[in-house]
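Since the structure comes first, as structure tokens, the remarks are kept for the end.
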Amino acid sequence: MQTLFAASVLHADFKKLPEQLRILDVNGINRYHFDIMDGHFVPNFGISPAIMASINHLTELPFEAHLMIEHPEQFISMIAQAGAASILVHAETTLQLRRVIGQIRKAGCRPGVALNPTTPPDALSYILPDVSSVLLLSADVGDTEHSAFSDTVLDKIREVRDLINDQRLAVEVMVEGGITQERIGPCVRAGADVIILGTSGLFSQPDLAAAIRAARQSALNARQMLA
């Protein structure tokens, strides 16, 4: 199975966004990741659905929306209409998680659940069959600077992978937060299917094309070690 890569658009240079998306498109990025923040669930503001919709024409690759917001059920329809192919909500933001997941599916999007670094995988036990992906945060959400990657997420990836395998489900394991080029291999070996690259592993690099190619090679090397 090939490792997939998503570029976190929040960390791009918006003055050069069309050029950066073009470079990533032709060098093997698989999708674009949008961190949507409300200033309440996290202390920052991120990309809005309106911004996501306004750049939809720049690429044909799918968009995924990571909702770091309170009351996500109020915004699912808006975000789907903005062009999201998949929508991830935090398990910590609602007591009606299964209902919100159903709302995402009804809007025509793939549903996913995100977990903060300190939220245990047990929170997924009863909803894994209902989702397409699980996003594990390897750094505290809402930190738009150089978030510090925590190695504790590697054990968490293994736990979630085991839960998915035990239930024989086709659910992606995604990881985001402070992922440098050096951290890609360990995440893949732990069981991650999708690596989300932001400042540390992609947009701080002087050559975006070289960065995504290096990321792909690191993932390939890691998968070969597992074979």
What heavy-atom pair brings Leu17 and Ala12 nearest, and what distance separates the two atoms?
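For Leu17 versus Ala12, the nearest heavy atoms are CD1-CB, 3.7 Å.
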So, for Ile127 and Ala123, which heavy atoms are closest and what is the spacing to 0.1 Å?
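Residues Ile127 and Ala123, closest heavy atoms: CG1-O, 4.2 Å.
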Side chains of [X] and [Y] in contact at under 4.5 Å (non-hydrogen atoms):
X	Y	result
Leu202	Leu24	yes
Phe63	Ile79	no
Ser133	Val194	no
Asp35	Ser8	yes
His90	Leu137	yes
Leu67	Ile76	yes

Please check: side-chain N/O of Arg216 versus main-chain N/O of Gly28, any donor-acceptor pairing under 3.5 Å?
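Confirmed, Arg216 side chain pairs with Gly28 backbone.
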With a 3.5 Å distance limit and no angle check, can you tell me whether Glu64 reaches the backbone of His33 through a side-chain donor-acceptor pair?
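The answer is no, because no donor-acceptor pair under 3.5 Å joins these two groups.
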If you measure only the distance, is there a donor-acceptor pair under 3.5 Å linking the side chains of Tyr32 and Asp25?
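A donor-acceptor contact under 3.5 Å links the two side chains.
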Gln224 CD: over 12 foreign heavy atoms closer than 6.0 Å
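Enclosed.
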